[in-house]
Amino acid sequence: MYKDILLPIDLAEPSSWHKTLPTAIEMCKTFNSKLHVMSVVPDFGSSLVGSFFPKGFEAKALEETKKILKQFVADNIPEGIEVQRVIANGTVYDEILRVCHDVDIDLIIMSAHRPKLEDYLLGPNSARVVRHAKCSVFVVRD
């Protein structure tokens with residue numbers, strides 16, 4: 001039923017994956033799916049913001065995220081599940097939707113969190129992905 005499953009995670013925030021990871025693993029086992037584990041390094045958004053960081057900071061952040069994601073997959077994904085690691089750079093929900101389209105993802109598995117005040121004003125990533133994804137989105141709540 002699902003050939004390619006996307007699991008976006010925030011490597012610095014275990015709440016983004018502690019419930020979704022077991023769900024994704026079980027679905028991959030059930031449907032013999034490929035798991036695409038994704039982490040997004042936010043971009044600076046503007047040259048003004050970027051000027052506060054040292055030159056090459058973004059490239060170093062991407063390289064470090066690549067290493068951490070590789071270790072995360074090795075530590076948490078069992079043998080027998082085909083895995084692709086995906087590192088993206090940009091706005092979280094835009095990058096999730098881009099990868100979903102580019103890789104022809106069948107299912108996105110995301111965590112939901114209790115909204116903070118700024119989430120009501122800006123809109124959480126999972127809500128935007130649910131509204132705009134061309135595939136099914138499974139939202140796992142705590």
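Remember, it's a predicted structure, so these values are computed and weren't measured experimentally. The first residue of the sequence shown is numbered 1, and numbering continues consecutively from there. Side chains included, hydrogens not; waters and symmetry mates left out as well; all remaining heavy atoms used.
Residues His36 and Leu7 are not in side-chain contact: their nearest non-hydrogen atoms beyond the backbone lie 4.5 Å or more apart. A heavy-atom distance below 4.5 Å is found between the side chains of Ile68 and Glu64. The shortest side-chain heavy-atom distance between Ile77 and Leu21 falls under the 4.5 Å cut-off. Proximity of Val40 to Asn89: side-chain heavy atoms (C-beta onward) are nowhere separated by under 4.5 Å. Between Ile108 and Cys135, some side-chain heavy-atom pair lies under the 4.5 Å cut-off. Counting heavy atoms from C-beta on, the side chains of Glu63 and Lys60 never come closer than 4.5 Å. Contact of the Ile25 side chain with the Ile81 side chain is registered, since non-hydrogen atoms from C-beta on lie closer than 4.5 Å.
Here Phe31 pairs with Tyr2 under the ring pair (Phe, Tyr, Trp, His ring centres under 6.0 Å) rule; sequence neighbours left out.
Of all the heavy atoms in Leu6 and Cys100, the pair that sits closest is CD2-N, 4.5 Å. Between Arg85 and Val73, the shortest heavy-atom distance links the atoms CG-CG2, 3.7 Å. Contact detail for Val139 and Ser111: the closest heavy-atom pair is CG1-C, 4.4 Å. Annotation for Met110 and Thr20: closest pair C-CG2, 3.4 Å, computed over non-hydrogen atoms. Contact between Val140 and Ile109 at its shortest, heavy atoms only, is CG2-CG2, 4.1 Å. Minimum heavy-atom separation, Lys34 to Gln84: CE-CB, 3.8 Å.
Between Arg128 atom CZ and Ile96 atom CD1 the span is 11.5 Å, to the nearest 0.5 Å. Here Leu35 contributes atom CG and Cys28 contributes atom SG; the two are 4.0 Å apart, rounded to the nearest 0.5 Å. Atom CZ of Arg141 is separated from atom OG of Ser126 by 7.5 Å, given to the nearest 0.5 angstrom.
Judged by distance alone, with hydrogens and angles left aside, the side-chain atoms of Asp4 form no donor-acceptor pair with the main-chain N or O of Asp106 at under 3.5 Å.
A salt bridge between Asp102 and Arg98 is present, with a side-chain N of the basic residue lying under 4.0 Å from a carboxylate O of the acidic one.
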